[in-house]
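Keep in mind that the numbers below use all heavy atoms, side chains included, and drop hydrogens, waters and symmetry copies. Along the sequence shown, residues carry numbers from 1.
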Amino acid sequence: MSASPVKFLRDVEAEAKRVTWPSRKATLVTTGAVLAMATLASIFFFVVDQVIGLGVRELFGLGG
């Protein structure tokens, strides 16, 4: 099945007009939530990594 590039672009434009775009406020709130969760997750995994590393060093007497 073959379609012309002009028809394809018209279809893309028609679909883009039907998209419901989020408001600026919704975008900022969602972005803030994502950044906050990423920060919390990185802190959590850093702490867990440090605790596991401490446990391994104490158990096997490795490191400083």
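In the hydrophobic clustering of this structure, Ile52 groups with Phe45; members are Ile, Leu, Val, Met, Phe, Trp, Tyr whose side-chain heavy atoms approach within less than 4.5 Å, directly or through other members.
Expressed to the nearest 0.5 Å, how far CG of Asp49 lies from CG of Leu54 amounts to 11.0 Å.
Annotation: side-chain hydrogen bond (donor to acceptor under 3.5 Å, both in side chains) contacts of Lys25 (sequence neighbours excluded): none. In this structure Ala14 satisfies the side chain to side chain contact (heavy atoms under 4.5 Å, CB included) test together with Arg18, sequence neighbours excluded. Take Val51 and apply the side chain to side chain contact (heavy atoms under 4.5 Å, CB included) test, not counting sequence neighbours, and it matches Val47. Residues satisfying the side chain to side chain contact (heavy atoms under 4.5 Å, CB included) test with Leu35, not counting sequence neighbours, are Thr31. Every residue two or more places apart in sequence or in another chain that forms a side chain to side chain contact (heavy atoms under 4.5 Å, CB included) with Leu28 is listed here: Arg24.
Taking Ile, Leu, Val, Met, Phe, Trp and Tyr as hydrophobic and joining them when side-chain heavy atoms fall under 4.5 Å apart, one finds Val34 isolated, its cluster having no other members. Hydrophobic clustering, defined by side-chain heavy atoms of Ile, Leu, Val, Met, Phe, Trp and Tyr closer than 4.5 Å, groups Phe8 together with Leu9, Val12.
Closest non-hydrogen pair, Arg57 versus Gln50, comes out as NH2-O, 4.5 Å. Minimum interatomic distance between Ser42 and Thr39 (heavy atoms only, all atoms of both residues): OG-O, 2.8 Å.
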